[in-house]
Amino acid sequence: MTRSITTGVAAAAIVSLALTGCGASASDVPAFEEIEGDMWESMAASEAVAMTAVLPEAMSSDAAIIEEMLGGDLSDLQIYGSLDESATAIRLGEDQEPIMSFFGDEVYVSMDMIQQTMNSSMAEEAELEGKYLDISDDYDAASGTVDVADLLEDMRSTAESGGADEVTGFDFGQLQSEGSYMQLDMESDDTGWFYSIDGEDENAIMNGEAEQFIGLASDREAPRLLEIRDGDTSMDFSWDDEVEIPQRPSEDQLVTEEDVMGMALGQ
């Protein structure tokens, strides 16, 4: 797998972080090496995950198409799905329908996406709106399917063996042992543990000055990743009940290649 994280969430999002008012300090935060194993275990044991601003390797050849659709900004691209079953999807924003979905060897691509990238009368076919094309045979033969459980396992195995993680491009082995305790935003009481590579403290993270760090949920039972920041790139994580589980397209949502060609030819 090659490094796949793309231009991500802007540094301005980091400025929303704020110090908690409860008097907690770095001394209350476990050393990263003490919590890292629990982090990987709790993430693997989760029911579902969503990762925003990451492009799976299997879709790397589609990057140019996706960038054109988004005007060159992939920060809203999200891969999400179940960790208990094979159900993974990719979409261009939390409120959007998936552009691709993967269920084991089954792969479906959105006709809305295809229409936006084809210069033909088919682009005007309203009957294709919300439809999906089954490309399982072609896609699987070319590059294999995408699964969020596999992505997490790749992150873990690479991090544990040393070197930069190929899913996120982040080197977990370079993180400083000492962390910071911070409130995640101004609208909730949720807190996080933050560990940086460059040794920056919570003030630098809050002000957007820190370049490389991770944020975990401050939960000793389940210290899962909330975000990864690596220079100008960033990835956000959501877990379990916050994540929508992808569903296979229904029969009335499916079209065949023959359907598509017929519409393109005006038949």
Could you go step by step and tell me if R156 and E41 meet the side chain to side chain contact (heavy atoms under 4.5 Å, CB included) rule? CA-CA 9 Å; R156 178 176 186 170; E41 289 293 334; 2.6 Å; yes
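- Separating the CH2 atom in W239 from the CG atom in L226 is a distance of 9.0 Å, to the nearest 0.5 Å.
- Note: M100 CE to L133 CG = 10.0 Å, rounded to the nearest 0.5 Å.
- Here the side chains of W193 and Y181 are in contact, with some heavy-atom distance below 4.5 Å.
- Under the 3.5 Å distance criterion, the side-chain polar atoms of K131 are matched with a main-chain donor or acceptor of D252.
- Of the inter-residue distances, the one linking D150 atom CG with T88 atom OG1 reads 8.0 Å to the nearest 0.5 angstrom.
- Closest non-hydrogen pair, I35 versus P30, comes out as CD1-CG, 4.1 Å.
- Annotation: side chain of V29 is not in contact with side chain of F194 (no heavy-atom distance under 4.5 Å).
- At distances below 3.5 Å, not a single donor-acceptor pair connects side-chain atoms of D236 with backbone N or O atoms of E227.
- Residues M155 and F170 have side chains not in contact (no heavy-atom distance under 4.5 Å, counting atoms from C-beta outward).
- Distance check: S234 OG to I228 CD1 gives 8.5 Å after rounding to the nearest 0.5 Å.
- The distance from atom CE of M39 to atom CZ of R224, rounded to the nearest 0.5 Å, is 12.5 Å.
- For E106 and S136, the side-chain atoms include no donor-acceptor pair closer than 3.5 Å.
- Looking at Q176, its side chain does come within 3.5 Å of a backbone N or O of I197 through a donor-acceptor pair.
- Between W40 and E160, the closest side-chain pair of non-hydrogen atoms falls below 4.5 Å.
- Considering all non-hydrogen atoms of both residues, A31 and Y195 come closest at C-CE2, 4.2 Å.
- Without hydrogens or angle criteria, S238 side chain to V243 main chain gives no donor-acceptor distance under 3.5 Å.
- Looking only at atom types and distance, the side chain of S42 has no donor-acceptor partner in the side chain of E221 under 3.5 Å away.
- The shortest heavy-atom contact between D28 and R220 is O-NH2, 3.6 Å.
- Environment of CD in E94: sparse, with no more than 12 heavy atoms of neighbouring residues, nucleotides or ligands closer than 6.0 Å.
- Among D147, V49, L225, the single residue meeting the side-chain contact (heavy atoms from CB on, under 4.5 Å) criterion with L152 is V49.
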Show your reasoning for whether side chain to side chain contact (heavy atoms under 4.5 Å, CB included) applies to E97 and D112. CA-CA 10 Å; E97 295 299 316; D112 295 335; 5.8 Å; no
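- Linking Ile, Leu, Val, Met, Phe, Trp and Tyr residues whenever their side-chain heavy atoms come within less than 4.5 Å places I135 and I90 in a single cluster.
- Side-chain atoms of D240 come within 3.5 Å of backbone N or O of A48 as a donor-acceptor pair.
- Proximity of R248 to S101: side-chain heavy atoms (C-beta onward) are nowhere separated by under 4.5 Å.
- Rounded to the nearest 0.5 Å, atoms CG (L77) and OG1 (T52) are 8.5 Å apart.
- Residues V107 and L92 share a hydrophobic cluster, clusters being chains of Ile/Leu/Val/Met/Phe/Trp/Tyr side chains in contact below 4.5 Å.
- Put simply, the side chain of L83 does not reach to within 4.5 Å of the side chain of E47, judged on heavy atoms.
- Hydrophobic clustering of Ile, Leu, Val, Met, Phe, Trp and Tyr side chains at less than 4.5 Å, counting indirect connections, unites M43 with F32.
- Cation-pi check for R91 over Y80 is met; the charged atom lies under 6.0 angstrom from the ring centroid and within 45 degrees of its normal.
- Checking side-chain atoms of S110 against main-chain N and O of Y132 turns up no donor-acceptor pair under 3.5 Å.
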In sequence, state the C-alpha distance, the side-chain angles, and the governing distance for E36 and F172, and then conclude on side chain to side chain contact (heavy atoms under 4.5 Å, CB included). CA-CA 9 Å; E36 183 179 13; F172 289 87; 4.2 Å; yes
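- Distance alone, capped at 3.5 Å, is enough to place a donor-acceptor pair between the S218 side chain and the T191 backbone.
- I245 places a side-chain heavy atom less than 4.5 Å from the side chain of E85.
- Here the closest non-hydrogen pair linking D154 and S157 is O-OG, 3.2 Å.
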Apply side chain to side chain contact (heavy atoms under 4.5 Å, CB included) to residues Y108 and D134 and explain how you reach the verdict. CA-CA 5 Å; Y108 304 93; D134 185 343; 3.9 Å; yes
